[in-house]
Protein chains: 2
Amino acid sequence: MEKSPEPFSTRVRRGALLERNCPSREVLKHISSQWGVLILIVLEGGTHRFSELRRKVDGVSERMLAQTLQWLEGDGLVERIAYPVVPPHVEYSLTPIGREAAGHIRALADWIEVRLPDICDAQAARAAAE
Amino acid sequence: MEKSPEPFSTRVRRGALLERNCPSREVLKHISSQWGVLILIVLEGGTHRFSELRRKVDGVSERMLAQTLQWLEGDGLVERIAYPVVPPHVEYSLTPIGREAAGHIRALADWIEVRLPDICDAQAARAAAE
DNA sequence: GTATGTACTTACGAATAGTAAGCAAGGCCA
DNA sequence: TGGCCTTGCTTACTATTCGTAAGTACATAC
């Protein structure tokens with residue numbers, strides 16, 4: 001076994017998430033980002049306008065909502081449709097790939113909500129032990 | 001409908017991830033953080049020492065590795081065992097809850113690696129369209 | 001004609017992450 | 001006896017990212 005004779009493009013295509021410069025790192029960063037997760041979860045429930053997302057994703061700023069949507073759109077997970085009217089009307093929805101991603105994210109989110117009591121107990125126990 | 005008549009503790013226990021002050025937000029932040037994801041994936045492969053993690057999780061700094069491990073330990077996902085020897089010897093492993101979390105994370109990571117070509121294509125198509 | 005709503009963008013201060021150096025304490029080599 | 005090596009952190013400083021607040025364009029409502 002020699003050290004990787006395979007070209008960069010192959011390594012990249014395989015998607016070695018643990019490697020520093022793998023592009024999958026970027027995609028993961030977008031999907032698993034604080035707001036990316038919540039946006040995907042909300043969009044799994046159907047198409048939403050910008051301001052609807054802003055209201056549902058409690059605490060997100062317009063700045064980060066816009067930026068995160070642009071990331072996800074750039075990765076092909078979210079589709080943006082803008083109607084040329086005034087005031088502006090823009091609709092965001094998941095692409096088929098986005099729906100797959102959202103499914104995984106929601107599974108994790110559901111698990112966290114179910115396990116939250118256990119996790120809080122662990123935190124409390126740790127705090128008490130000190 | 002008035003503003004939430006239910007007590008804070010109820011809201012909290014239900015684990016409403018979309019709500020601003022839900023503690024599940026913090027847990028999600030730890031698990032889905034840039035390095036949290038990768039650490040969980042590596043630890044799913046078995047117990048590791050600090051320096052082993054540092055080598056496998058390409059690009060992580062000692063600072064962030066230590067901090068993320070402390071988060072995950074605080075949430076009860078990671079167990080830390082320190083042997084009182086010199087030079088120090090510390091082993092990190094997943095707790096049962098941590099193994100559940102890691103399973104979800106790895107499912108997402110595997111999906112990303114499989115779908116990466118599609119995502120790259122989407123990015124390229126978008127770039128070409130401009 | 002003032003206020004409101006939409007979907008952003010921009011400027012700026014605050015929080016967070018990355019870089020690099022330091023530290024403890026025992027073993028090894030000379 | 002004195003350096004230097006090791007590991008698992010912590011600390012100081014810097015760079016990057018993020019949140020807050022304000023601005024924009026135009027139409028409709030009051």
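In the text below, chain A, chain B and the rest are named by the order of the sequence lines, each starting its count at 1. Keep in mind that this is a model prediction, so the values were computed, not measured.
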All salt bridge (Lys or Arg N to Asp or Glu O under 4.0 Å) counterparts of B:Glu26, not counting sequence neighbours: B:Lys29
Partners meeting salt bridge (Lys or Arg N to Asp or Glu O under 4.0 Å) with A:Arg54 (sequence neighbours left out):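 Salt bridge (Lys or Arg N to Asp or Glu O under 4.0 Å) check on A:Arg54 returns A:Glu62.
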Phosphate OP1/OP2 of D:dT7: any B:Ser51 side-chain N/O under 4.0 Å: no
Contact state string [nucleotides 9-25 of chain C, B base, S sugar-phosphate only, - no protein heavy atom under 4.0 Å]: S-B-----BBB-----B
Send over the distance from [X] [atom1] to [N] [atom2], rounded to a whole Å.
| X | N | atom1 | atom2 | result |
| --- | --- | --- | --- | --- |
| A:Leu65 | D:dC18 | CG | P | 14 Å |
| B:Leu69 | D:dT10 | CG | C1' | 15 Å |
| B:Tyr92 | D:dG8 | OH | P | 8 Å |

Sugar-phosphate only, base, or nothing, as touched by B:Tyr83 at under 4.0 Å among non-hydrogen atoms: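 Here B:Tyr83 touches no strand at all.
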Touch class at under 4.0 angstrom, heavy-atom based, for A:Arg54 against every strand present: nothing
Partners meeting ring pair (Phe, Tyr, Trp, His ring centres under 6.0 Å) with A:His48 (sequence neighbours left out): none
Partners meeting ring pair (Phe, Tyr, Trp, His ring centres under 6.0 Å) with B:Trp35 (sequence neighbours left out): none
Test item: B:Ser32 side-chain N/O and A:Ser32 main-chain N/O as donor-acceptor pair under 3.5 Å: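 Side chain of B:Ser32 to backbone of A:Ser32, a donor-acceptor pair under 3.5 Å: yes, one is there.
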Side-chain hydrophobic cluster, 4.5 Å single linkage: members besides A:Ile81: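 Same cluster as A:Ile81: A:Tyr83, A:Val85.
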